[in-house]
Amino acid sequence: MTIRVVIVDDQDMVRSGFAALLSAQSDIDVVGEAPNGRLGIEVSRSTHPDVVLMDVRMPEMDGLEAARRLLDPPPGVVHRPKVLMLTTFDIDDYVYAALHAGASGFLLKDAPVTELVQAVRVIAAGEALLAPSVTRRLIEDVARRRPAPSRGAQVRLNALTPREAEVLLLVAQGLSNREIAAGLVVAEQTVKTHMSRLLAKLGARDRAQLVVISYESGLVAPGRSA
């Protein structure tokens with residue numbers, strides 16, 4: 001199945017370069033481009049992409065606000081694409097907010113071509129959080145400045161079984177389903193079942209939100225691995 005992609009970035013060369021690289025893949029089709037968040041929403045609503053590559057800093061409407069509107073659409077709008085934020089290291093707060101809003105992950109703008117292509121495929125499939133070590137670093141940095149665990153997130157964790165809590169902890173460390181299965185000595189399908197239950201019980205869209213919830217609840221303490 002072809003992955004439909006929209007690219008939203010205020011730099012013409014970035015959009016053109018990403019479009020050329022992605023269009024060269026047999027399983028990816030770039031169906032639209034936009035120079036700012038406002039137009040990005042319009043293009044996405046009309047083309048129904050599977051994945052939106054969204055720059056964070058743009059004129060008129062930044063990528064964070066555009067991501068919020070795409071992922072929490074008004075009544076009557078049912079299409080919700082996966083959002084992959086394009087960013088740099090110097091905007092940690094924006095990255096955290098984007099993940100919290102429901103973005104599926106992020107990619108550094110200077111990442112190798114192979115990472116860009118793989119990122120789009122991973123996000124479209126909903127299989128894994130992108131660049132887990134970098135994601136963890138950014139979230140930890142922000143979490144240090146938000147030290148008080150969220151009461152609401154803590155309450156939601158009470159609904160988890162001990163095994164589900166264990167899987168969530170491993171997800172927060174950036175492990176893939178395969179790595180979790182190997183560590184727990186269970187079948188990968190069993191891990192997928194736990195993942196489905198975690199998403200349902202915690203009201204999360206994907207693995208990225210599970211990572212955020214694990215930090216907000218205090219399950220994972222900033223600067224400490226399990």
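None of the values given here were measured: they were computed from a predicted structure.
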For residues 12-20, which side-chain N or O atoms pair as donor and acceptor with protein atoms under 3.5 Å away, sequence neighbours left out?
{"unit_1": "Asp12", "atom_1": "OD1", "unit_2": "Arg15", "atom_2": "NH1", "d": "3.2"}
{"unit_1": "Asp12", "atom_1": "OD1", "unit_2": "Arg15", "atom_2": "NH2", "d": "2.7"}
{"unit_1": "Arg15", "atom_1": "NH1", "unit_2": "Asp9", "atom_2": "O", "d": "2.7"}
{"unit_1": "Ser16", "atom_1": "OG", "unit_2": "Asp12", "atom_2": "O", "d": "3.0"}

Counting only pairs under 3.5 Å, give me each side-chain donor-acceptor contact of residues 178-194, with atom names and distances, residues two or more places apart or in other chains.
{"unit_1": "Glu179", "atom_1": "OE1", "unit_2": "Ser176", "atom_2": "N", "d": "2.8"}
{"unit_1": "Glu179", "atom_1": "OE1", "unit_2": "Ser176", "atom_2": "OG", "d": "3.4"}
{"unit_1": "Thr193", "atom_1": "OG1", "unit_2": "Gln189", "atom_2": "O", "d": "3.1"}

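Among residues two or more places apart in sequence or in another chain, the side-chain hydrogen bond (donor to acceptor under 3.5 Å, both in side chains) test is passed with Asp29 by none. When the side-chain hydrogen bond (donor to acceptor under 3.5 Å, both in side chains) test is applied to Asn36, the partners found at least two apart in sequence or on another chain are Glu60. In terms of the salt bridge (Lys or Arg N to Asp or Glu O under 4.0 Å) criterion, Asp72 has no residue partners (sequence neighbours excluded). Under the side chain to side chain contact (heavy atoms under 4.5 Å, CB included) criterion, Pro112 pairs with Thr114, Glu115, not counting sequence neighbours. Annotation: side-chain hydrogen bond (donor to acceptor under 3.5 Å, both in side chains) contacts of Arg45 (sequence neighbours excluded): none. Shown here are the side-chain hydrogen bond (donor to acceptor under 3.5 Å, both in side chains) partners of Asp110, two or more places apart in sequence or in another chain: there are none. Here Arg69 pairs with Glu65 under the salt bridge (Lys or Arg N to Asp or Glu O under 4.0 Å) rule; sequence neighbours left out. In this structure Glu42 satisfies the side chain to side chain contact (heavy atoms under 4.5 Å, CB included) test together with Arg38, Leu39, sequence neighbours excluded.
Within the structure, side chain to side chain donor-acceptor pair (under 3.5 Å) pairs that include any residue of residues 74-85 do not occur (at least two apart or interchain).
Between Leu53 and the choices Leu22, Val6, Leu107, Ile123, the side chain to side chain contact (heavy atoms under 4.5 Å, CB included) rule is met once, by Leu22.
Using a distance-only test at 3.5 Å, with no hydrogens or angles considered, a donor-acceptor pair links the side chain of Lys201 to the main chain of Ala159.
Annotation for Val51 and Val120: closest pair CG2-O, 4.0 Å, computed over non-hydrogen atoms.
For the atom pair Leu108 CG and Leu116 CG, the distance stands at 11.5 Å (nearest 0.5 Å). For the atom pair OG1 (Thr2) and CD1 (Ile28), the distance works out to 9.5 Å, reported to the nearest 0.5 Å.
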